[in-house]
Novice: 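Mind looking over this structure? Questions follow.
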Amino acid sequence: MQMGLVGLGKMGGNMRERLRQAGHTVIGFDTDPELSDAASLTGMVEQIDSTPRVVWIMVPDTVVDTVIDELAGVLGEGDVLIDGGNSRWSHDGPRAEKLAGRGIEYLDCGVSGGVWGITQGYALMVGGDDGTVAKVQPIFESLKPAGEFGFVHAGEHGAGHFAKMVHNGIEYAIMQAYAEGWELLEAAGHVRSVRETFNSWREGSVIKSWLLDLAVNALNEDEHLDGLRGYAEDSGEGRWTVEAALDLAVPVPNISNALFARFTSRQDEAPAMKMIAAMRNQFGGHTVRDVDAAPEHVESAPGEEPAHPAEQ
């Protein structure tokens, strides 16, 4: 298929490459002209000469409406716009309705996979109409991991981003559990190697996971995480998960505590937050703070890719 892709950062750029490797023609646009295949959004759309014209956007939620409004002026009847960023799910219904007035079809797609998605594939959670999903299914098939899993048509508009929001809330809680366990093991003088203890859990253990693999990868680079500050940002989706739980009267104490722990990390040095920061850097290339640098200094180079659980 031919398509446009807006936003060529850590995920968008890798998605463009994975789609091209699968045989799709992808015209990318980014505010960085060195990354773009077109000088403008309009120029990008003009290069798509097949129908329906499909545009996937990977930009922050704060600018999604601006991008959609501009694209709505150059797309038309039957074209498809997919928002694959970490957008707030409650915005999807109004966006779909607004675009429908112009005959443009809309899907919201939660995407997980971080910097490893280019090789391992992306987990995709889609919201929208069946007919629209069917139009662009070849794109989803190329982005998802090989095999049975990794894609779900979660429901109506907003369902994809809601599912991704909950996914990220669960991620917060799992990472917090690993981090607290790591800190406890580091504090126990009779445990000779925390790194090798974590490494031993990667097979035969009920807590093995890809996040555990990434934690070990971080420990291989810096065994005691001495080079990191115990400071961890939150992407916003953890907050939205807790807000949704409040609205629905669903108790989520572990997710809530994991979110609040990140807030605590910004007030005082929190050893467990070193592991949270390290894992976020490993899976998503998120910035980390160096202990010896000024507060504004960041590093974000992921290390050698660990084996994916499916390959172990």
Side-chain angles (χ1 to χ4, degrees), residues 112 114-116 166-235 237-239 241-242 251-295 297-312:
S112 181
V115 295
W116 310 116
V166 174
H167 165 284
N168 281 23
I170 293 170
E171 174 189 296
Y172 274 47
I174 294 173
M175 291 171 67
Q176 186 66 27
Y178 282 136
E180 291 174 4
W182 171 80
E183 182 179 351
L184 182 58
L185 286 167
E186 283 282 327
H190 59 288
V191 177
R192 286 184 294 183
S193 176
V194 177
R195 178 182 62 190
E196 290 309 311
T197 300
F198 263 55
N199 198 34
S200 73
W201 295 340
R202 295 172 68 184
E203 286 295 346
S205 166
V206 296
I207 63 167
K208 69 177 183 177
S209 74
W210 192 19
L211 282 173
L212 177 62
D213 295 339
L214 296 174
V216 171
N217 198 46
L219 294 174
N220 285 337
E221 294 174 2
D222 181 357
E223 182 171 359
H224 303 289
L225 303 182
D226 292 328
L228 299 184
R229 287 182 58 199
Y231 182 104
E233 291 285 2
D234 67 289
S235 64
E237 292 205 316
R239 302 185 190 209
T241 304
V242 173
V252 290
N254 293 316
I255 293 173
S256 299
N257 288 337
L259 173 64
F260 295 145
R262 295 197 183 186
F263 296 163
T264 301
S265 79
R266 299 166 205 174
Q267 299 172 346
D268 300 296
E269 180 69 2
M273 286 300 112
K274 292 185 176 186
M275 178 57 76
I276 297 292
M279 283 189 284
R280 293 182 78 242
N281 176 254
Q282 288 291 322
F283 70 71
H286 298 289
T287 55
V288 293
R289 300 199 175 193
D290 188 281
V291 292
D292 298 321
H297 176 76
V298 296
E299 298 178 354
S300 59
E304 180 181 354
E305 180 176 359
H308 191 275
E311 299 174 350
Q312 293 177 354

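Sequential numbering from 1 along the given sequence is applied to the chain's residues. Note that the structure is predicted; figures quoted are calculated from it, not measured.
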Novice: Can you name the closest pair of heavy atoms from Ser256 and Val242 and give their distance?
Specialist: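 That closest heavy-atom pairing would be OG-CG2, 3.7 Å.
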Novice: To the nearest 0.5 Å, what is the distance between CD on Glu186 and OG1 on Thr197?
Specialist: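 The OG1 atom of Thr197 is 9.5 Å from CD of Glu186, to the nearest 0.5 Å.
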Novice: Looking at every heavy atom in both Arg229 and Ala277, which two are closest together, and how far apart are they?
Specialist: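 Arg229 and Ala277 have their closest heavy atoms at O-CB, 4.4 Å.
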Novice: Can you give me the closest heavy-atom contact between Ile207 and Leu212, atom names plus distance?
Specialist: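 Taking every non-hydrogen atom into account, O-CD2, 3.9 Å.
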Novice: Are side-chain heavy atoms of Trp182 and Leu225 found at a separation under 4.5 Å?
Specialist: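 With C-beta onward as the side chain, the pair touches.
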Novice: Just verifying a value: how many Å separate Leu219 CG and Met275 CE, rounded to the nearest 0.5 Å?
Specialist: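 The distance works out to 4.0 Å.
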Novice: How far does OG of Ser209 sit from CH2 of Trp201, to the nearest 0.5 angstrom?
Specialist: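 Reported to 0.5 Å precision, the distance equals 11.0 Å.
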Novice: Is the closest side-chain heavy-atom distance between Leu214 and Trp116 below 4.5 Å?
Specialist: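 A side-chain contact exists here, since the closest heavy-atom pair is under 4.5 Å.
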Novice: Determine the minimum heavy-atom distance between Ala179 and Ala272, stating which atoms define it.
Specialist: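 Smallest heavy-atom distance, with atoms named: CB-O, 3.2 Å.
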Novice: Provide the closest heavy-atom pair for Gly169 versus Ile255 in the form atom of the first, atom of the second, distance.
Specialist: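 Nearest pair, atom of Gly169 first, then Ile255: O-CG1, 3.3 Å.
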Novice: Are side-chain N/O atoms of Glu180 and Tyr178 paired as donor and acceptor at under 3.5 Å?
Specialist: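 No, no side-chain donor-acceptor pair sits under 3.5 Å.
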Novice: Which value, rounded to the nearest 0.5 Å, describes the distance between Ser193 atom OG and His224 atom NE2?
Specialist: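 Spacing of OG (Ser193) from NE2 (His224) equals 7.5 Å.
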Novice: Could you grab the distance from atom CG of Asn220 to atom CG of Asn199, nearest 0.5 Å is fine?
Specialist: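 The CG atom of Asn220 sits 6.5 Å away from the CG atom of Asn199.
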Novice: Considering all heavy atoms of both residues, which atom of Leu211 and which atom of Met279 are nearest to each other, and what is their separation?
Specialist: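 Closest approach of Leu211 to Met279: O-SD, 3.8 Å.
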Novice: Which of these passes side chain to side chain donor-acceptor pair (under 3.5 Å) with Asp234: Arg239, Arg262, Arg280?
Specialist: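 Exactly one option meets the side chain to side chain donor-acceptor pair (under 3.5 Å) with Asp234, and it is Arg239.
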Novice: Check the pair Arg202 / Asp213 against side-chain contact (heavy atoms from CB on, under 4.5 Å), numbers first and verdict last.
Specialist: CA-CA 7 Å; Arg202 295 172 68 184; Asp213 295 339; 2.9 Å; yes
Novice: Is there a donor-acceptor pair under 3.5 Å between the side chain of Asn254 and the backbone N or O of Ala173?
Specialist: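 No; zero donor-acceptor contacts below 3.5 Å.
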Novice: Which value, rounded to the nearest 0.5 Å, describes the distance between Leu259 atom CG and Asn168 atom CG?
Specialist: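 Leu259 atom CG to Asn168 atom CG measures 12.0 Å (nearest 0.5 Å).
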